[in-house]
Undergrad: 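Handing you this structure, nothing more for now.
First the proteins, then the strands, lettered A, B, ... as listed; each starts at 1. Quantities reported herein were computed from a predicted structural model and do not represent experimental measurements.
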Protein chains: 2
Amino acid sequence: MEAVLTAAVALLDEAGESALTFRALAARLGTGVGTIYWYVSNKDELFDRATDHAIGGILTAVEGQPGSDDPIADLRVMAVTLFDAIVDRPWLTAYFMRNTDVQGHSLRLYEKIGQQTLRLDLTPRQRFHAVSAIVGVVVGTAADLGAEIPQELLDGHVDREEFLGRYAATWRSLDAAEFPFVHQIADEFAGHDDREQFLAALELTLAGLRLQAGT
Amino acid sequence: MEAVLTAAVALLDEAGESALTFRALAARLGTGVGTIYWYVSNKDELFDRATDHAIGGILTAVEGQPGSDDPIADLRVMAVTLFDAIVDRPWLTAYFMRNTDVQGHSLRLYEKIGQQTLRLDLTPRQRFHAVSAIVGVVVGTAADLGAEIPQELLDGHVDREEFLGRYAATWRSLDAAEFPFVHQIADEFAGHDDREQFLAALELTLAGLRLQAGT
DNA sequence: ACGATTATCGAACGAGGTTCGATGATAGAA
DNA sequence: TTCTATCATCGAACCTCGTTCGATAATCGT
């Protein structure tokens with residue numbers, strides 16, 4: 001079981017979600033497809049289990065963080081840690097987005113984040129909403145940004161600079177009267193950094209939260 | 001072409017993302033699979049085109065909204081409109097999350113949202129981040145919440161009440177010392193409303209944005 | 001020794017994406 | 001009118017993937 005999960009995560013890391021097939025997994029483990037089905041009832045469960053396995057790592061990373069006297073600062077650190085983990089393993093997004101099955105390591109992760117909100121002057125409902133909002137920002141942004149890699153990664157000779165620049169050029173060529181915003185934003189987009197963009201989004205919700213907590 | 005897209009959207013609406021297959025689409029159109037490949041080079045393009053088609057509808061809905069003297073209020077209305085549209089058509093999330101190809105109707109949608117930020121006292125970069133943050137909240141939350149429907153919809157006899165209650169019960173049964181947050185939140189979760197949860201998350205970012213704009 | 005449980009295996013089925021060559025329409029050129 | 005190049009249509013066939021199933025070994029409690 002442990003070996004199955006480890007191999008599954010390895011496949012996901014090496015070549016993404018589409019690389020995780022029963023046959024590939026069986027080949028890597030040197031067994032048959034049927035064997036995997038003895039441990040796991042279908043692909044969804046395989047994926048969920050593998051993902052939960054990976055989230056265990058994130059959890060220990062989050063738990064290993066020092067922690068300060070400012071709950072919101074701690075929330076920020078946790079959110080960033082989660083973000084980095086998802087960027088590193090884009091296939092995690094699918095889990096966070098599909099999984100209603102809130103238990104296992106992800107439940108512990110929610111708990112860990114939620115504990116920070118206990119230190120804020122909020123109603124239980126506000127705490128519930130705060131955690132959901134923060135996770136939403138992290139997953140939403142990470143997913144959005146993680147998708148921006150078509151040939152760039154495969155070819156390698158088309159670097160990020162040129163890739164973004166091409167879009168910016170297209171946008172600049174649009175009618176300035178009809179597309180004033182896109183026009184103005186083109187330059188920002190050309191030189192934008194995903195992580196900075198995420199941090200900005202996170203900062204907005206955290207600011208709202210701080211306001212709500214009256215601190 | 002137009003007929004292909006309309007039929008594709010119909011299939012997606014009727015039975016979700018998995019229902020959109022080349023064979024089903026061909027059958028509905030009374031043609032062969034090969035014909036569809038003449039209009040579209042692969043499934044990704046088919047899906048993107050169909051989704052863009054649907055986003056056209058959202059766009060007109062957003063453009064049809066009156067608009068007030070408060071840019072942030074207008075942003076709220078747009079975000080809610082987008083949210084409702086995605087909840088209504090869960091298969092849209094996949095598009096918003098995978099699609100780097102920012103053009104067509106979704107570009108116009110970004111523009112429309114971005115124009116509100118032009119009325120706020122922000123730097124171009126802040127505007128760029130604001131739009132990205134808002135869309136992130138909408139898509140992230142909508143995706144998160146849209147996934148919570150396993151047997152509930154299919155069986156029909158297990159209603160939402162009981163479904164949520166079961167989770168709440170599990171959470172309450174956890175150790176209160178180890179899971180103080182989840183414990184406290186269980187009741188909120190049992191009676192929670194998806195839309196309210198989204199509005200709370202949106203309100204946090206909008207509050208942060210208002211703060212940033214100094215209005 | 002022996003049933004029962006635990007594990008293993010891979011051929012085979014069905015569904016879905018994609019390819020490809022054949023074939024018909026349609027229209028401008030000769 | 002005839003010819004030919006482009007537009008459009010079609011579905012059989014191929015490949016990959018999830019999943020099933022019956023056969024078979026390995027281990028164990030009695």
Undergrad: Report yes if at least one side-chain N or O of B:Thr35 is closer than 4.0 Å to OP1 or OP2 of D:dA8; otherwise report no.
TA: no
Undergrad: If you measure from the Lys or Arg side-chain nitrogens to the Asp or Glu carboxylate oxygens, is any gap between A:Arg127 and B:Glu188 under 4.0 Å?
TA: no
Undergrad: In whole angstrom, give the distance that lies between atom CG of A:Leu29 and atom P of C:dA7.
TA: 15 Å
Undergrad: Return the nearest nucleotide to the side chain of A:Thr21; candidates are D:dT19, C:dT18, D:dC17.
TA: D:dC17
Undergrad: Do NZ/NE/NH1/NH2 and the carboxylate oxygens of B:Arg108 and B:Glu63 come within less than 4.0 Å?
TA: no
Undergrad: Let me know the distance between CE of A:Met1 and P of C:dT6, rounded to the nearest Å.
TA: 16 Å
Undergrad: Whole-Å distance between C:dA15 P and B:Glu17 CD?
TA: 20 Å
Undergrad: Using a 4.0 Å heavy-atom cut-off, does A:Tyr39 contact any base of the nucleic acid, only the sugar-phosphate backbone, or nothing at all?
TA: sugar-phosphate
Undergrad: Taking the side chain of A:Val33 as its heavy atoms from C-beta onward, which of C:dG16, D:dG18, C:dG10 lies nearest to it?
TA: C:dG10
Undergrad: Using atom OH of B:Tyr37 as one end and atom P of C:dC20 as the other, report the distance to the nearest whole Å.
TA: 12 Å
Undergrad: Indicate, with a heavy-atom threshold strictly under 4.0 Å, whether A:Leu20 touches base, sugar-phosphate, or nothing.
TA: sugar-phosphate
Undergrad: Got a donor-acceptor contact below 3.5 angstrom from the B:Gln116 side chain to the B:Leu75 backbone?
TA: no
Undergrad: Look at the side chain of A:Asp74 and the backbone N and O of A:Gly67, then say whether any donor-acceptor pair between them is shorter than 3.5 Å.
TA: no
Undergrad: Heavy atoms from C-beta onward define the side chain here; which of C:dG16, C:dT6, C:dG10 lies closest to that of B:Arg23?
TA: C:dG16
Undergrad: Taking CG from A:Leu25 and C1' from C:dG10, how many angstroms apart are they, rounded to a whole number?
TA: 15 Å
Undergrad: Within this structure, what is the CG-to-P distance between A:Leu46 and D:dC17, rounded to whole angstrom?
TA: 14 Å
Undergrad: Mind checking the OG1-CZ spacing from A:Thr117 to A:Phe128? Nearest 0.5 Å is all I need.
TA: 11.5 Å
Undergrad: So if I take every side-chain heavy atom of A:Trp38 and compare against D:dG18, C:dT6, C:dG16, which nucleotide ends up nearest?
TA: C:dT6
Undergrad: Starting from P on D:dG18, measure out to CD1 on A:Ile36 and report it in whole angstrom.
TA: 10 Å
Undergrad: Can you tell me the distance, in whole Å, between the CD atom of A:Glu45 and the C1' atom of D:dG18?
TA: 14 Å
Undergrad: Side chain of B:Phe22 only, heavy atoms from C-beta on: which candidate in C:dG17, D:dT19, D:dA12 is closest?
TA: C:dG17
